[in-house]
Structure formats: C-alpha cells, structure tokens
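Right, one structure below, let's go through it.
In listed order, ligands and their atoms are each counted from 1. The structure presented is a predicted model; accordingly, all values stated were derived computationally and were not measured. Just the heavy atoms: all of them, side chains too, but no hydrogens, waters or symmetry mates, feed the values below.
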Amino acid sequence: MMSTRKHTALPKAQILVEALPWLTRHQGKTVVIKFGGNAMVDEELKAAFAQDVVFLHHAGLKPVVVHGGGPQISKALDRHGIVSEFKAGLRVTTEDAMDVVRMVLAGQVQRELVGLLNEHGPLAVGLTGEDAHTITATKHQPRIEGELVDIGRVGEITEIDTGAIEALLADGRIPVVSSIARSQDDGHVYNVNADTAAAALAAALDAETLMVLTDVEGLYEDWPSSDEVISRLTATQLEKLLPDLASGMVPKMEGCLHAVRNGVHTARVIDGRVQHSILLEIFTDEGIGTMVVPDDLEGGAQ
Ligand SMILES: Nc1ncnc2c1ncn2[C@@H]1O[C@H](COP(=O)(O)OP(=O)(O)O)[C@@H](O)[C@H]1O
Ligand SMILES: CC(=O)N[C@@H](CCC(=O)OP(=O)(O)O)C(=O)O
C-alpha cells in the first residue's frame, strides 16, 4: 500500500523539481501576457488561463495581463448595426463604434477576466490605458499603397506611464489592462490593437518576457501553404519576414520586434488553444511556440 502511494507521488515531485531552474530564473521578473480574442471564447481555456496566471504570481513572478476582444467587439457592433471593417489589420473605429469598443473591453471582457482571476483570491485589478495616463495615444493614420488612410479613433501609442501598474505589482496584485488609450489630442479615447499595447507595456515595464497567446501554434514559416512553426528567430530575422506577413500576425510580430529591441529578453507567440500553454512555455525545456530574441542573445536566451 505504502509503496503504491510512493510510486504515484514520485513523478509529481519530479515534475515540480524540473521546474526549479525556471522558478529560480524567473523569480521577481515581470511577464506581460496578451490574452487574445480567439483563445478567449472557450470557457475551459479561460479558466485554465486564470489558473496559470495565478500560478505564476504565487511562483514569484509578476504577471501583467493585457487583453484583446476582437471577436467580442465584432459581435457587439453587429448587434448595434455597425459594420466591422478592418484596414491594415486595424478596426476602422467611428465615434459610435468607439463607445461599443470601450463598453465591451472595459465593461465585459476585462470584468470577466478579473472575476476569473479573483476566484483564486483578492489578486486582479482591472484598468484601461486611460487610468492614471497608463497609455497615451495620438491619431493613427496607416499608409496603404502610399496613401494616408483615415480609420477613425484608432490610436498610435506615444507614451506609457507605468506608475499605476508598478504600484499594483508592488502591492502583490495582478493588473489586467484593456487596450484603450487616453488621447493626447482631445478629451476622447482611442482604440489600440491589444498586441501593440501589450508590447509597448512590456518594453516600458522592462519586462523579462512578452507572451502573446493566439489561435495558431506560432509563427508559420510559409503561411498559409505550410504549418511548419518557426520555433526561434532573432530580431533581424523577424524584421526581414515582416513585410510578407498577413493579417492578425502583423501587429503580433511587430509587437514582438518592438519588445526585444527595447529591452525585453524574449517575446513569444504561443498557442492559446492549448490548455496551460503559459506554464508549458515558462516552466519546461521545450518551448511550444515561436520565440523572438534580441540579436545579441542569439543562441543564449531561454
Ligand atoms: N505567418 C503566419 N503564421 C501564423 N498565422 C498567421 C500568419 N500570417 C497570418 N496568420 C493569421 O493570423 C491569425 C492570428 O491573428 P488574430 O486572428 O488577430 O489573433 P488573436 O485573435 O489571437 O489576436 C491566425 O489565425 C492566422 O490566420
Ligand atoms: C485598433 C484595433 O483593431 N483594435 C482592436 C482591439 C481589440 C484587440 O486587439 O483584440 P484581439 O487581440 O482579440 O484581436 C479591435 O477593435 O478589435
């Protein structure tokens, strides 16, 4: 009887011990995690995500959650009879659409994530980029085929104030940030792509890691014709690939590049459809997605 119990208990101890080098390495480090709209539509995945983030917190890391909500926004706009249109990968956001975006991100998606995290204790505090000047933006006008295009209230980040987030982290909380910015131009707000917001926050917070959860395994080498995932690439290698990337991958990979060029040690795109993908990525040998490293760390960082 006794030996059977030992038999089943030992592998559990081994798993915990395997995590020891990673626990040591990541102790006290800030990890910015972007939780994407598509991984966010499944109840079990959402609950597993909350468990992982709380686990990181209790393991001595400082997780900061930045969330998207593209599918949820599209649904709500539809209900309001507003057509969703994307240009250069960004949602064309009229004044009316902006009200809906803000309502969905800050009033629904963020509240739900805060609720899931707080099932584990008084940990999560939600805010948007508007709070305490966390994210400031100006009007973003992308260039499409050489022409500047007006896409409404979409913001380009000009400044990050990390004060509120750092105060929350120092108080042992888990900040949950919605990607809405205060405007430096007028009294209104801007809609910011959540990948871009997460990358800017990771750089400003001097985070060790930016982790972007999405609905594919990682960056595919030759999408859509192949599903070979690139497991690791340097900033310069990524920069060369950027012009060939399509749709949703563009802000993610631009964000990863921005992060590693501005002091973040590794930026990773991982599969949010896999339960506990965050723990697998942080605490095991085999990373499961795509890892971007600064040029001078080639071959070094894990
Ligand atoms: N090279 C690529 N590798 C992987 N996915 C790609 C690539 N290029 C474009 N994509 C598309 O980008 C999508 C992810 O972006 P998006 O739908 O905006 O994710 P999220 O909702 O998680 O923010 C993938 O589902 C895929 O359709
Ligand atoms: C300007 C812009 O496109 N903003 C995004 C913000 C939400 C987001 O980025 O959500 P995902 O990460 O789930 O795609 C939008 O309106 O959909």
Side-chain angles (χ1 to χ4, degrees), residues 33-42 45-46 49 65-78 82-94 96-106 108-110 113 128-129 135 137 139-142 149-157 177-181 189-200 211-231 233 238 240-256 268-274 277 289-290 292:
I33 303 165
K34 191 284 177 143
F35 195 34
N38 285 307
M40 231 157 47
V41 287
D42 182 288
L45 286 174
K46 275 190 283 196
F49 169 84
V65 176
V66 179
H67 70 86
Q72 293 86 341
I73 294 169
S74 295
K75 235 190 219 167
L77 287 173
D78 213 33
I82 302 174
V83 179
S84 283
E85 190 193 353
F86 286 82
K87 286 189 181 166
L90 301 167
R91 187 186 306 276
V92 177
T93 310
T94 60
D96 286 348
M98 188 64 236
D99 287 342
V100 177
V101 169
R102 194 189 204 188
M103 207 157 61
V104 172
L105 291 182
Q108 291 172 14
V109 180
Q110 184 213 87
L113 285 178
T128 85
I135 306 175
K139 187 177 170 72
H140 177 56
Q141 284 192 285
V149 187
D150 187 346
I151 53 170
R153 295 217 62 93
V154 174
E156 180 176 326
I157 298 174
V177 187
S178 310
S179 59
I180 299 164
V189 295
Y190 282 118
N191 182 10
V192 178
N193 175 276
D195 299 317
T196 312
M211 213 180 269
V212 181
L213 272 71
T214 186
D215 62 349
V216 282
E217 287 166 82
L219 179 64
Y220 293 136
E221 177 120 37
D222 193 13
W223 190 83
S225 46
S226 125
D227 58 3
E228 189 76 27
V229 176
I230 303 175
S231 58
L233 74 171
L238 172 57
K240 288 192 189 124
L241 283 183
L242 273 183
D244 299 324
L245 295 182
S247 60
M249 267 301 137
V250 176
K252 282 183 217 314
M253 299 320 299
E254 279 178 353
C256 288
R268 299 142 188 256
V269 176
I270 61 171
D271 195 341
R273 300 164 308 174
V274 175
S277 52
T290 297
V292 184

When you compare ligand 2 with D195, is there at least one nitrogen or oxygen pair between them that comes in under 3.5 angstrom? no

I'd like to know if A246 contacts ligand 1, where contact means a heavy-atom distance under 4.0 Å to any ligand atom. yes

Quick one, D150 and K139 - any side-chain contact, counting heavy atoms below 4.5 Å? yes

What part of N193, side chain, backbone, both or neither, has a heavy atom within less than 4.0 angstrom of ligand 2? both

Could you tell me the separation between the CD1 atom of I230 and the CG atom of L219, rounded to the nearest 0.5 Å? 4.5 Å

Return a yes/no value for P71: is any of its N or O atoms, backbone included, closer than 3.5 angstrom to an N or O of ligand 2? no

Heavy atoms only, cut-off 4.0 Å: how does M40 contact ligand 2, side chain, backbone, both, or neither? neither

Any atom of ligand 1 sitting under 4.0 Å from a heavy atom of E217? no

Do R91 and V154 have side-chain heavy atoms sitting under 4.5 Å apart? no

How long is the straight-line distance from CG of D215 back to CG of D42, given to the nearest 0.5 Å? 12.5 Å

Residue L90 vicinity, atoms of ligand 2 by number, heavy atom under 4.0 Å: 1 (C), 3 (O)

Contact atoms of ligand 2, heavy-atom distance to A194 under 4.0 Å: 8 (C), 9 (O), 12 (O)

From T93 atom OG1 to R102 atom CZ, the distance as rounded to the nearest 0.5 Å: 13.5 Å

How many angstroms lie between CE in M40 and CG in L213, if you round to the nearest 0.5 Å? 10.5 Å

For G70, atoms of ligand 2 separated by under 4.0 Å from a heavy atom: 10 (O), 11 (P), 13 (O), 17 (O)

For a 4.5 angstrom cut-off between non-hydrogen side-chain atoms, does R153 reach V101? no

Show me which atoms of ligand 2 lie under 4.0 Å from any heavy atom of I73. 7 (C), 15 (C), 16 (O), 17 (O)

Do Y220 and ligand 1 have an N or O pair less than 3.5 Å apart? yes

As an exercise, identify every atom of ligand 2 less than 4.0 angstrom from a heavy atom of G68. 8 (C), 10 (O), 11 (P), 12 (O), 13 (O)

Hey, are the side chains of V192 and I157 touching, using non-hydrogen atoms and a 4.5 Å cut-off? yes

Would you sort out whether H140 and Y190 count as a side-chain contact (heavy atoms from CB on, under 4.5 Å), showing the intermediate values? CA-CA 9 Å; H140 177 56; Y190 282 118; over 6 Å; no

For G218, take its heavy atoms, then give the atoms of ligand 1 lying under 4.0 Å from any of them. 3 (N), 4 (C)

Taking atom CD of Q141 as the centre, report whether more than 12 heavy atoms of other residues, nucleotides or ligands fall under 6.0 Å from it. yes

Go through ligand 1 atom by atom and flag the ones less than 4.0 Å from a non-hydrogen atom of T214. 14 (C), 19 (O), 20 (P), 22 (O)

Out of all atoms in ligand 2, which are within 4.0 Å of some heavy atom of K34? Include the element for each. 11 (P), 12 (O)

Please determine if N191 has a nitrogen or oxygen closer than 3.5 Å to a nitrogen or oxygen of ligand 2. yes

Heavy-atom distances under 4.0 Å are what count here, so tell me which part of V192 touches ligand 2: side chain, backbone, both or neither. backbone

If you measure from OG1 on T214 to CD1 on I270, what distance do you get to the nearest 0.5 Å? 10.0 Å

How long is the span from the CD atom in Q108 to the CD1 atom in I73, to the nearest 0.5 Å? 10.0 Å

Atoms in ligand 1 flagged as close to K34, the criterion being non-hydrogen separation under 4.0 Å: 23 (O)

Would you mind listing which atoms of ligand 1 come within a distance below 4.0 Å of any non-hydrogen atom of V216? 4 (C), 5 (N), 24 (C), 25 (O)

For atom 23 (O) of ligand 1, state which one of E228, K252, E221, M40 supplies the nearest heavy atom. K252

